[in-house]
Protein chains: 2
Amino acid sequence: MQSREFVGRTREDVRQFNLSIVLRMLHFSGSVTRSQLTSISGLNRSTISDLVSELEELGLATETEGISKTSSGRPSHVVSASDSVVAFAVNPDIDATTVGVVTLGGRVLTKRRILTRLQPSADQAIEIAAKAIQEMRAELKPGTKIAGVGVAIPGQVRLADGVVRLAPHLNWIEAPFGAKLTQLTGLPVSLDNDASLGCRTEFNFGAARGFSDVVYIFGGSGGIGGGAIVNGSQLRGAAGYAGELGHVRIADEKQSDYSGLSGTVEALVRRDDLLEVFRLDSATDEELAAEIDAVRRDKTAKSKPARKLIERQLESMARGIASFVNIFNPQVIVLAGFLSSLFEFDRERVLAEVKANSLDASSEAVLIRSAELGSDLLMIGAAELPFAKLLARPSQFEFAEQKRRVSSS
Amino acid sequence: MQSREFVGRTREDVRQFNLSIVLRMLHFSGSVTRSQLTSISGLNRSTISDLVSELEELGLATETEGISKTSSGRPSHVVSASDSVVAFAVNPDIDATTVGVVTLGGRVLTKRRILTRLQPSADQAIEIAAKAIQEMRAELKPGTKIAGVGVAIPGQVRLADGVVRLAPHLNWIEAPFGAKLTQLTGLPVSLDNDASLGCRTEFNFGAARGFSDVVYIFGGSGGIGGGAIVNGSQLRGAAGYAGELGHVRIADEKQSDYSGLSGTVEALVRRDDLLEVFRLDSATDEELAAEIDAVRRDKTAKSKPARKLIERQLESMARGIASFVNIFNPQVIVLAGFLSSLFEFDRERVLAEVKANSLDASSEAVLIRSAELGSDLLMIGAAELPFAKLLARPSQFEFAEQKRRVSSS
DNA sequence: ATCTATTTGTTGTTTTAGACAACAAATGTG
DNA sequence: CACATTTGTTGTCTAAAACAACAAATAGAT
């Protein structure tokens, strides 16, 4: 008999859980009135009062007797997530490493993008991140509590120990990112795949908010990543590698993807191919979107090769989506990165192709939409990793020491 | 803000939850000693004592001062799931409808297979099931409590209202199976897809026991079905259609499956094709397995066409599995029906093909194995539907009335 | 300006279920 | 047969949610 499943619950668990739901409401909505907390949770007024007091004492929430626009009656106190609880977010990528500070309320306080040479080694990225964190830490307001460091990795991450198994784009193999960054910063570090975090963030704050079953597909220069929300919780898999939707085979073609698999979505829907047809060396997602949109509007012969490529990619993408619809029966599919541009190129056609390649029942109610969150997505997503641990057991969470020591370097 | 997620917990919830874990342990293991319950749950001895007493009073558990082989010390009481709590299980199929009675302890008390003409209508199947249930109900020991009726459907089921959306094999479309069977029997009826239930049962009692992330693929005469366990809970999707693993596209081929989709696993791995190459009109899984095994052993030229077909199917199956490995990163893949025979034909090759078509990290630890549970699989699986509701809130569950009335028909 | 209805915050009390401690009961062992 | 060990039982303790009563703060009506 497995033991994990059959662990009993005590009164302390109830308390932790209720503290957790209150803090989660604050985290996801910024600020909430006490009467809202009461009605949504279904708990008694006095219980909510008690819980909020405890969160205040823990330094996790602040209460203001602000204005709460209701019809009549005594106005309710507004409770907010404390701005003095923060997490560091790190996102190493091919040409730069981004580091930011995110508050428990979801605001990005600072963000720094540190350019590197192309394909930095893991050790280089770790040192850059550690340095930035140390500097930013010194600038924090006194009394600020640090929940930890969250890292979004463009590759496969073993969740158990924070080792980057493979990041083909960066050419990292078996890099113990988490352990080393912990060593350099003295802070607890959690890692996850960037697309998984993107999925989770769109689910928490963006286009997939309010749904319970979500498929997220992200297209970037490093390939196609994905994530899924299943019955309200993130798809992780045994070791954390789940959600590699780009590496699903959909055709016989020989062309292979960045991981060497052929006929996959990632092999057939390539950002580089689009750049090539537009004769661009590199482009931001906005620039690429503009090019694609220009093709959409221009119906003359001149844009034919580009149009054909876009349509071919769009069709491959739709085939992949159709399989995901059959597998997950999601309420919504969120497309991010340049996939969103492919979708906007011809929404009707994408929808039609998806329907044609999936079961009627599964596809009848599915929504397809573009991602909503922009450049702060990965900062907020990465910060969610340490915050998740805090949110799970608010009164037992131990913050990193805030005694700053003079760094020797 | 979604409301469901943020509902607070009360002391009553704790009680229900603890009653639930105790009853679940009894359900999954048959019988357990009180000391085991204590150590596994982590609850206090006196609490377990109290919980067991309540379950006894509810008629859900029985306690015997039996022999518990421990080293020394006072022997512990053995607690078992009550045999007088049962559920009906129903499984309509193309040529017969099977109805059974299953105890909370997991024993199949009775099973009846009622032959029908080929492709019976839903109404016919419902009437057959209702009649069998009524007869079996009359034969139950007095005092037996009925948790409800669970139905395993070879097709897509809308979980919310128990409507069979599509069962291509049976040619059922939009059949309100649940409502009608409830009407005829007066019992609460729950439905689910047969492969989903198969998955769940292998997870609870069979080849996938003890894992948290499972992919299950079933091959039968009606096509290829599937199911998945994600982080310990069943993949359902928005409406309950998730897990249609057979309808995932893996190749360009034109050949289409029973639902009209082309190039899918179901289109390329067909039981009928195997029967044809063996010149069989029909065959049980055992007979088919024997044929396939004969080919395996016979290396002469004579069996060439069969061997080629088997190998082609095996390869397509492996391609599908590889995609599922990338998507779910499961600990184990369970193959059932004739897929298990394909696997046994050449385990090494299936494994090699899966590895070749999936990411190294995702596939490195994955196990592939054949299903363990035999003919009672769907009976136990279907019964799990009503039992699940009982297990979720033991002291609030309302059993069907046991006052038997003389049936008018 | 005052009164009323309404809603919310606060405080003290009640209830419930798990934890704990002490003791009795039932086994194996030397 | 004394002893150690484990388990069941019983009475008490404790923490946390519910509850009830009252005070406070608003909008709207007069």
Side-chain angles (χ1 to χ4, degrees), chain A residues 6-23 31-58 61-80 393-396, chain B residues 6-23 31-58 61-80 393-396:
Chain A
F6 300 104
V7 173
R9 225 165 245 173
T10 69
R11 282 167 328 198
E12 283 171 53
D13 296 329
V14 175
R15 185 64 167 186
Q16 287 302 315
F17 183 87
N18 288 340
L19 283 171
S20 175
I21 61 159
V22 171
L23 193 56
S31 47
V32 189
T33 67
R34 255 161 71 165
S35 76
Q36 284 176 309
L37 292 173
T38 306
S39 64
I40 293 172
S41 70
L43 297 171
N44 194 281
R45 270 213 303 277
S46 58
T47 306
I48 289 294
S49 173
D50 204 36
L51 291 168
V52 169
S53 305
E54 184 165 349
L55 288 177
E56 275 188 303
E57 278 168 32
L58 290 167
T62 54
E63 203 171 8
T64 52
E65 299 191 20
I67 332 96
S68 66
K69 267 268 171 274
T70 50
S71 52
S72 84
R74 178 175 178 174
S76 191
H77 294 181
V78 176
V79 189
S80 313
R393 16 188 67 233
S395 80
Q396 290 171 4
Chain B
F6 298 105
V7 172
R9 222 164 249 173
T10 69
R11 283 164 325 197
E12 284 170 52
D13 296 328
V14 176
R15 186 62 167 189
Q16 287 301 315
F17 182 87
N18 287 341
L19 284 171
S20 175
I21 60 159
V22 171
L23 192 56
S31 48
V32 189
T33 67
R34 257 160 72 164
S35 76
Q36 284 176 307
L37 292 173
T38 305
S39 64
I40 294 172
S41 70
L43 296 171
N44 194 282
R45 270 212 306 276
S46 58
T47 305
I48 288 292
S49 173
D50 205 35
L51 291 168
V52 169
S53 303
E54 185 166 348
L55 289 177
E56 275 189 303
E57 278 167 30
L58 290 167
T62 53
E63 203 172 11
T64 51
E65 299 191 21
I67 332 95
S68 65
K69 267 269 171 272
T70 49
S71 52
S72 83
R74 180 173 174 173
S76 190
H77 294 181
V78 176
V79 190
S80 314
R393 15 189 67 233
S395 79
Q396 291 170 6

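Per chain, numbering begins at 1; letters A, B, ... match sequence-line order.
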Q) Quick one: CD on A:Gln16 to OG1 on A:Thr10, what's the gap to the nearest 0.5 Å? A) 9.0 Å
Q. Can you name the closest pair of heavy atoms from A:Phe6 and B:Ile21 and give their distance?
A. O-CD1, 3.3 Å
Q: Specify the separation, in whole Å, of atom CZ of A:Arg15 and atom C1' of D:dA18.
A: 13 Å
Q) Rounded to whole angstroms, how far apart are CZ on B:Arg11 and P on D:dT14? A) 17 Å
Q. Do any side-chain nitrogens or oxygens of A:Arg34 fall under 4.0 Å of OP1 or OP2 in C:dG9?
A. yes
Q: Take atom CD of B:Gln36 and atom P of D:dT7, then tell me their distance rounded to the nearest Å.
A: 10 Å
Q: Could you state the atom-to-atom distance from CZ of B:Phe17 to C1' of D:dA17 in whole Å?
A: 19 Å
(Q) Quick check on D:dG8: is either OP1 or OP2 less than 4.0 Å from any side-chain nitrogen or oxygen of B:Ser76? (A) yes
Q) Between the base of D:dT5 and the side chain of B:Arg74, is there any donor-acceptor pair under 3.5 Å? A) no
(Q) Are more than 12 heavy atoms, taken from residues, nucleotides or ligands other than B:Gln396, located less than 6.0 Å from that residue's CD atom? (A) yes
Q) Can you check the B:His77 NE2 to C:dA24 P distance for me, whole Å? A) 18 Å
Q.
Any residue in residues 44-57 of chain A with a heavy atom nearer than 4.0 angstrom to DNA chain D? Just list them by number, or reply none.
A. A:Asn44, A:Arg45, A:Ser46, A:Thr47
Q | Whole angstrom value for the distance that separates C1' of C:dT10 from CD of A:Glu63 | A | 12 Å
Q) Looking at A:Ser41 and A:Ile48, what are the two nearest heavy atoms and their distance? A) OG-CD1, 3.6 Å
Q) Hey, is the side chain of B:Arg9 poking within less than 4.0 Å of OP1 or OP2 on C:dA17, counting only N and O atoms? A) no
Q: Ignoring hydrogens and angles, tell me if any N or O in the side chain of A:Thr38 forms a donor-acceptor pair with the backbone of A:Arg34 under 3.5 Å.
A: yes
**Q.** Non-hydrogen side-chain atoms of A:Leu19 and A:Arg393 separated by less than 4.5 Å
**A.** no
Q. If you check the A:Ser72 side chain, which of D:dT6, C:dG9, C:dT6 turns out closest?
A. C:dT6
**Q.** A:Glu12 CD to C:dG18 C1', straight-line distance once rounded to whole Å
**A.** 10 Å
**Q.** Closest non-hydrogen atom pair between A:Arg9 and B:Leu43, with its separation
**A.** O-CD2, 3.8 Å
Q | B:Glu56, CD: over 12 other non-hydrogen atoms inside 6.0 angstrom | A | yes
Q | Nucleotide nearest B:Asn18 when distance is taken to its side chain, options D:dA25, C:dG18, D:dT7 | A | C:dG18
Q.
Between A:Asn18 (side chain only) and B:Gly8 (backbone N and O only), is there a donor and an acceptor less than 3.5 Å apart?
A. no
(Q) Rounded to whole Å, please give me the gap between CG in A:Asp13 and C1' in D:dT14. (A) 16 Å
Q: Enter the inter-axis angle for the ends of the helix from C:dA1-D:dT30 to C:dG30-D:dC1 (five pairs per end, rounded to 10°).
A: 0°
